[in-house]
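What follows is a single structure, written as structure tokens, with notes after it.
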Amino acid sequence: MKTVLITGATGDVGQHLTRELAGKYKLRLSDKRPLKAKNFIKADISKMADALRITKGVDAIIHLGGYSVEGPWEGILQANIIGCYNVFEAARRNGVKRILFPTSNHAVGFYRRDQTIDHRVYIKPDSRYGVSKVFGEALGSLYADKYGMEMFMMRIGNVGPRPLDKRRLSIWFSPRDLAQLVSIGIDKPGIKFEIVYGISNNKRRWYDNSNAERLGYRPQDDSETFAQEILAAEKPVTDPIAELHQGGIFCTAEDVPNPAAPQKKAKKKQK
Ligand code: 15L
């Protein structure tokens, strides 16, 4: 049985994967945040020593660790740029060949919704977060060409048991389809560097996912099952830029609120 490291294991996607892949692989879980599990190692990937410790002796790495939304530059820099470099470089030094990197729809979020894009389009990030995902794609390409590592880049839409809104009807990724794509990324022989889209078989998709299909991906779910209900609950359009582009509110000039950021305290009134 292959030993697979999941970084960022306490996040939503990490939890779905831990559940879906249990029994199929020997999982090693890691995160900066604590988790009560025997196979868990606490680590801060912005530190090379930690990255080296967690990547030792595994067959593949699913590198989810880092910011998963837009955030302040300093946070993105530490977690998604330095952290990503440390994990890829630690893998190389430890002789781990295969890395699965969940890049994001936000790496190409400035494409318009009336365009269908495939894995060969030029990048169009919509945020600092999107740029950090492009960095991961570029680093993966470098490590594949230069060091012969095997890189599986999944531009993930939105993972969850159900789509959340109209935009997510196009990019929804069910947990079981996620598990299928990830298993291909771990087990398919001969991967050098591949970009695929991490979405289900959504009727409203904006992606031509033929590269994933070529590698054997056969998604089971379609967000259309939820469409009527989601569209009925959808709020009226307020931001035409967001509505026009695939990345939604990540594309507006306003900063996307960052749920992880500390809330500013209201100023006390001077007496
Ligand atoms: C992402 O890349 C994020 O990780 C996730 O939190 C969602 O924001 C998702 O994209 C999305 O576009 O809905």
Worksheet item: So, Ser46 and Asp44: side-chain donor and acceptor under 3.5 Å apart, yes or no?
Response: yes

Linking I/L/V/M/F/W/Y whenever their side-chain heavy atoms sit closer than 4.5 Å, directly or via other members, would [X] and [Y] fall into one cluster?
| X | Y | result |
| --- | --- | --- |
| Phe135 | Leu64 | no |
| Tyr147 | Ile61 | yes |
| Phe250 | Leu164 | no |
| Val131 | Phe110 | no |
| Met151 | Leu100 | no |

Side chains of [X] and [Y]: closer than 4.5 Å at any heavy-atom pair?
| X | Y | answer |
| --- | --- | --- |
| Asp177 | Tyr217 | yes |
| Tyr129 | Ile76 | yes |
| Glu243 | Lys166 | yes |
| Met154 | Val182 | yes |
| Val4 | Val58 | no |
| Ile54 | Ile45 | yes |
| Ile195 | Arg155 | yes |
| Phe152 | Val196 | yes |

[X] bridged to [Y] by N-O distance under 4.0 Å:
| X | Y | value |
| --- | --- | --- |
| Asp114 | Arg112 | yes |
| Lys2 | Asp187 | yes |
| Glu150 | Lys188 | no |
| Glu89 | Arg93 | yes |
| Arg204 | Glu224 | yes |

Just by distance, do the side chain of [X] and the backbone of [Y] share a donor-acceptor pair under 3.5 Å?
| X | Y | answer |
| --- | --- | --- |
| Lys42 | Lys32 | yes |
| Ser141 | Glu137 | no |
| Asp208 | Thr116 | no |
| Asp31 | Ala9 | yes |
| Gln246 | Arg113 | no |
| Asp222 | Lys203 | yes |
| Arg128 | Gly71 | yes |
| Arg218 | Glu213 | yes |
| Trp172 | Gly160 | yes |
| Asn201 | Asp221 | no |

Discussion item. Applying salt bridge (Lys or Arg N to Asp or Glu O under 4.0 Å) to Asp118 and Arg120, what does each step give before you reach the verdict?
Written reply: CA-CA 6 Å; Asp118 71 6; Arg120 289 168 300 199; 2.7 Å; yes

Between [atom1] on residue [X] and [atom2] on residue [Y], distance to nearest 0.5 Å:
| X | Y | atom1 | atom2 | answer |
| --- | --- | --- | --- | --- |
| Tyr197 | Ser210 | OH | OG | 10.0 Å |
| Asp165 | Ser170 | CG | OG | 9.5 Å |
| Ile99 | Ile186 | CD1 | CD1 | 12.5 Å |
| Ser183 | Leu178 | OG | CG | 9.0 Å |
| Ser68 | Lys133 | OG | NZ | 8.0 Å |
| Leu5 | Ile41 | CG | CD1 | 7.5 Å |

Discussion item. Show, in sequence, the C-alpha distance, side-chain angles and deciding distance for Met48 and Asn86, and conclude whether the side-chain contact (heavy atoms from CB on, under 4.5 Å) test is met.
Written reply: CA-CA 5 Å; Met48 180 58 96; Asn86 286 349; 3.7 Å; yes

Shortest non-hydrogen contact from [X] toward [Y]:
| X | Y | value |
| --- | --- | --- |
| Gly148 | Lys97 | O-CE, 3.3 Å |
| Phe193 | Ala144 | CB-CB, 4.0 Å |
| Met153 | Gly140 | CE-CA, 3.8 Å |

Item to complete: In sequence, state the C-alpha distance, the side-chain angles, and the governing distance for Gln220 and Ser174, and then conclude on side-chain contact (heavy atoms from CB on, under 4.5 Å).
Response: CA-CA 9 Å; Gln220 306 294 300; Ser174 74; over 6 Å; no

Discussion item. One pair to check against side-chain contact (heavy atoms from CB on, under 4.5 Å): His245 and Asp126. What are the steps and the verdict?
Written reply: CA-CA 9 Å; His245 296 96; Asp126 56 27; over 6 Å; no

Item to complete: Look at atom CD of Gln228 and say whether more than 12 heavy atoms of other residues, nucleotides or ligands are closer to it than 6.0 Å.
Response: no

Worksheet item: Taking atom CG of Asp145 as the centre, does the number of heavy atoms from other residues, nucleotides or ligands within less than 6.0 Å exceed 12?
Response: yes

Fill in: side-chain contact (heavy atoms from CB on, under 4.5 Å) assessment of Asn105 paired with Tyr207
CA-CA 10 Å; Asn105 68 91; Tyr207 310 129; 3.1 Å; yes

